[in-house]
Protein chains: 2
Amino acid sequence: MGSAEVLASVDIVALRLNARGGLELLLGRRAQAPYEGQWALPGVLVNGRSADLNLDSAAERALHSKAKARPQYLEQVATVGNAVRDPRGWSLSTFYLALLGPDDELLDQDLRFVPVEEVLDERFPLPFDHAQLVAQSRERLAGKAVYTSLPLYLLPARFTVTEALAAFQASLGQAVQHTTLRGRLEKMKQAGWIVETGEKNYPKMGRPQNLLEHRPQPEQPFVFDRSVLS
Amino acid sequence: MGSAEVLASVDIVALRLNARGGLELLLGRRAQAPYEGQWALPGVLVNGRSADLNLDSAAERALHSKAKARPQYLEQVATVGNAVRDPRGWSLSTFYLALLGPDDELLDQDLRFVPVEEVLDERFPLPFDHAQLVAQSRERLAGKAVYTSLPLYLLPARFTVTEALAAFQASLGQAVQHTTLRGRLEKMKQAGWIVETGEKNYPKMGRPQNLLEHRPQPEQPFVFDRSVLS
DNA sequence: ATAATAGTGTCTGTGAGACATTATGTA
DNA sequence: TACATAATGTCTCACAGACACTATTAT
């Protein structure tokens, strides 16, 4: 039966929003060959010997065993498989999009964040086809940001409209009218997904900002019935 | 390296629209154990020895080696993996949604179509977790039918508005206003995705129907910027 | 003429887009 | 007071929903 089998892994495209409104990708230094010592997507092999109940828990294991923080959102994106992506032979990778809160600390020297754009334009090369996996996950995020509240999972539970604008802009790659976003947040309030805390945030300049609180329902983002764009 | 590997397959959820406006699922009789002789989703094992270039071509092989017809649309839905779905042990299945034209003939005694509802409500039980894969693929179709032209891939290239209504109703599980659908088809005309043939179809009763022709662009369905529902 | 079905027109409601206006803080 | 930024209001436009009305065939 051994030769009927194939090399399979789960890889994580974990994104967070940095203070300048850009998306950053979590990378880990590979501990084993191939590409030992290089920066790559965190991932684990899946096979009968690992204790994973299923693929989703393997994804959680991959993320938790490296970065300590749990993702605020985790979604399977797709699976790629071919003969050339891994020098060891025909292999499969099921990859997940993970959205992290902005403040997660890196406790580990073998972890770092890099701006996604640097990965996508090859300034920061990744081994295997990992840059392609990042690109597909990025597209998934952008696609869903058009008609769901997905970018809010890049924010802390309590957030301001300005922060939400930054999350949508980073996810979509383009600006959103703040009035449009306010309308959508209003809908989410009515549905109980967002509550007005009554508290305010006092930045150095300008009018104080209302603090909202995100109350996400189990797993799926809020779905709107229109596109934000044009 | 052998024990680092895992059993992986590609399975196909191929749907077509029958004359009564219902969705039917393509099944094949299993030639090998486990579940030899039972009706199940057509699928193939993927491993280094099969000549597939990649997962997508393995999916095409799975469909083409069984049913002769090529799908009008093929999309990867997801991958499931756990220790219990296959009696042989930890296994992966990457499954695809395929949309077929309505007239495909079955040349093979080991192939048949069954109504999807019978599979979803367990009246027609399937081995492994295949009913679950069908349910997820069905949801993908319904989800995309809300804001894309995906159901048109269930029709022949030349179709009428009435047929398009049936395809959307079957995909969504609920009726669509014909005026709404006409508006969407009009948009697709302007974008060059649909052309008016000028010919008409003459049913037994009633006013003749305009014949439209679907000119799908490479791979992705036409995307509208609103939901059809409420 | 009548039945049956296809196609068009009209009115309403919703929410995005753009932009102006008002509100509330700091220096 | 001046400035910076947040929040609200207004007007337009596109399109879905509902429903009425007109058009074109067969019997």
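Just so you know, these numbers come straight off a predicted model, no measurement behind them.
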*Asks:* With sequence neighbours left out, write down each residue that passes side-chain hydrogen bond (donor to acceptor under 3.5 Å, both in side chains) with B/R138, or none if nothing qualifies.
*Replies:*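 So B/R138 forms no side-chain hydrogen bond (donor to acceptor under 3.5 Å, both in side chains) with any residue.
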*Asks:* Extract all donor-acceptor atom pairs below 3.5 Å that involve side chains of residues 161-170 of chain B and protein atoms in other chains or at least two apart in sequence.
*Replies:*
unit_1: B/T162; atom_1: OG1; unit_2: B/Q209; atom_2: NE2; d: 3.3
unit_1: B/E163; atom_1: OE1; unit_2: B/T160; atom_2: N; d: 2.9

*Asks:* Could you pull out the protein-nucleic contacts involving nucleotides 25-27 of chain C (nitrogen or oxygen on both sides, under 3.5 Å)?
*Replies:*
unit_1: C/dT26; atom_1: O3'; unit_2: A/K204; atom_2: O; d: 3.3

*Asks:* Between D/dG17 atom C1' and B/H178 atom NE2, what is the distance in whole Å?
*Replies:*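 Value for this atom pair: 11 Å.
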*Asks:* Assuming nearest nucleotide by heavy-atom distance, tell me which of A/F224 and B/N210 is located more 5' along DNA chain C.
*Replies:*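 Upstream on the strand: B/N210.
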*Asks:* Please list, by residue number, the residues of residues 145-177 of chain B whose heavy atoms come closer than 4.0 Å to an atom of DNA chain C; answer none if no residue qualifies.
*Replies:*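 Here the set is B/V161, B/T162.
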*Asks:* Would you mind writing out the side-chain donor-acceptor pairs for residues 183-191 of chain B within the sub-3.5 Å range, not counting sequence neighbours?
*Replies:*
unit_1: B/R184; atom_1: NH1; unit_2: B/V146; atom_2: O; d: 3.3
unit_1: B/R184; atom_1: NH2; unit_2: B/R226; atom_2: O; d: 2.6
unit_1: B/E186; atom_1: OE1; unit_2: B/K189; atom_2: NZ; d: 3.4
unit_1: B/K189; atom_1: NZ; unit_2: B/E196; atom_2: OE1; d: 2.7

*Asks:* Using a cut-off of 4.0 Å on non-hydrogen atoms, how would the nucleic acid contact of A/R182 be classed: base, sugar-phosphate, or nothing?
*Replies:*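 A/R182: base contact, heavy atoms under 4.0 Å.
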*Asks:* Could you state the atom-to-atom distance from CG of A/L181 to P of C/dG15 in whole Å?
*Replies:*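 The distance from CG of A/L181 to P of C/dG15 comes to 15 Å, rounded to the nearest Å.
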*Asks:* Not counting sequence neighbours, which residues clear side-chain contact (heavy atoms from CB on, under 4.5 Å) with B/R215? List them please.
*Replies:*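 Residues passing side-chain contact (heavy atoms from CB on, under 4.5 Å) with B/R215: B/V195, B/E213.
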*Asks:* Let's see if you can work this out: which of C/dA16, D/dA7, D/dA18 has an atom nearest to the side-chain heavy atoms of B/T179?
*Replies:*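 The nucleotide sitting nearest to the side chain is D/dA18.
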*Asks:* Distance check needed: D/dA6 P versus A/E196 CD, whole Å only.
*Replies:*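 Computing the A/E196:CD to D/dA6:P distance gives 15 Å.
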*Asks:* In whole Å, what is the span from the CZ atom of A/R184 to the C1' atom of C/dG17?
*Replies:*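 About 12 Å, once rounded to whole Å.
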